[in-house]
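Counting starts at 1 for both ligands and their atoms, in listed order.
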Amino acid sequence: MLSDLKDNNRAWSAKKTQVDPKFFSRLENQQSPQYLWIGCADSRVPANEIVGLDPGELFVHRNVANLAPPQDANYLSVLQFAVEVMKVKHILVVGHYGCGGVAAAVDGVRRGLVDHWLHPIREVHEHHCHELDALDSDKARWDRLVELNVMRQVKNVASDVFVVDAWAKGQPITVHGWVYSLHDGLVNDLNVSVSSVEDYRKLVAF
Ligand code: CO
């Protein structure tokens with residue numbers, strides 16, 4: 001199997017060079033992506049492919065259930081670099097319907113460390129329990145919890161000091177909340193985009 005991957009890699013490299021002989025030498029010297037993607041680690045949600053972007057165009061951070069926890073050094077390091085050094089214009093928090101991480105947060109099964117990682121989703125679940133209970137199927141509740149989790153993470157990103165300080169300096173950044181559908185490959189924009197502290201204040205419900 002690994003030899004297949006190495007063959008694929010050589011073919012990919014050759015194809016890229018054939019189409020654009022300077023492709024790799026250009027990227028070697030600089031990356032200047034306009035977008036930061038914060039998405040789920042799920043293998044069915046390939047960031048660049050979904051939005052048709054080449055290497056060098058999308059800065060990517062992925063973890064289980066696309067969380068942006070304000071105490072996570074990994075996520076914070078990515079966020080700081082994206083905002084302060086690369087000066088990305090857009091931060092996309094992208095969840096996906098059918099997320100196993102979101103389901104695992106609330107199904108009561110104990111799995112170990114990941115139960116702690118998923119704790120913020122249980123908080124979102126509790127906070128919105130009335131809305132979720134009113135839905136008529138487990139599938140509808142799961143889909144909605146995926147959306148609510150994305151909105152909560154948008155709020156985390158938009159209230160982070162790296163982002164708030166960038167806004168104070170006049171640097172344009174918009175934080176978006178999207179949910180990708182495994183069913184048809186389409187992205188659903190939740191329309192919770194935040195471009196300023198004023199926008200953020202409208203999201204207080206999450
Ligand atoms: Co997932």
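Asn149 places no side-chain N or O within donor-acceptor distance of the main-chain N or O of Gly95, the cut-off being under 3.5 Å.
Between Asp143 and Lys139 there is a salt bridge, since at least one side-chain N of the basic residue sits less than 4.0 Å from a carboxylate O of the acidic one. A salt bridge between Lys202 and Asp199 is present, with a side-chain N of the basic residue lying under 4.0 Å from a carboxylate O of the acidic one.
Tally of protein N, O or S atoms closer to the Co ion (ligand 1) than 2.8 Å: 3.
In this structure Phe162 satisfies the ring pair (Phe, Tyr, Trp, His ring centres under 6.0 Å) test with no other residue, sequence neighbours excluded. Annotation: side-chain hydrogen bond (donor to acceptor under 3.5 Å, both in side chains) contacts of Lys89 (sequence neighbours excluded): none.
Applying the under-4.5 Å side-chain rule to Ile, Leu, Val, Met, Phe, Trp and Tyr, the cluster around Val94 extends to Tyr35, Trp37, Val45, Ile50, Val51, Leu53, Leu58, Val60, Leu92, Trp178, Tyr180, Leu182, Val187.
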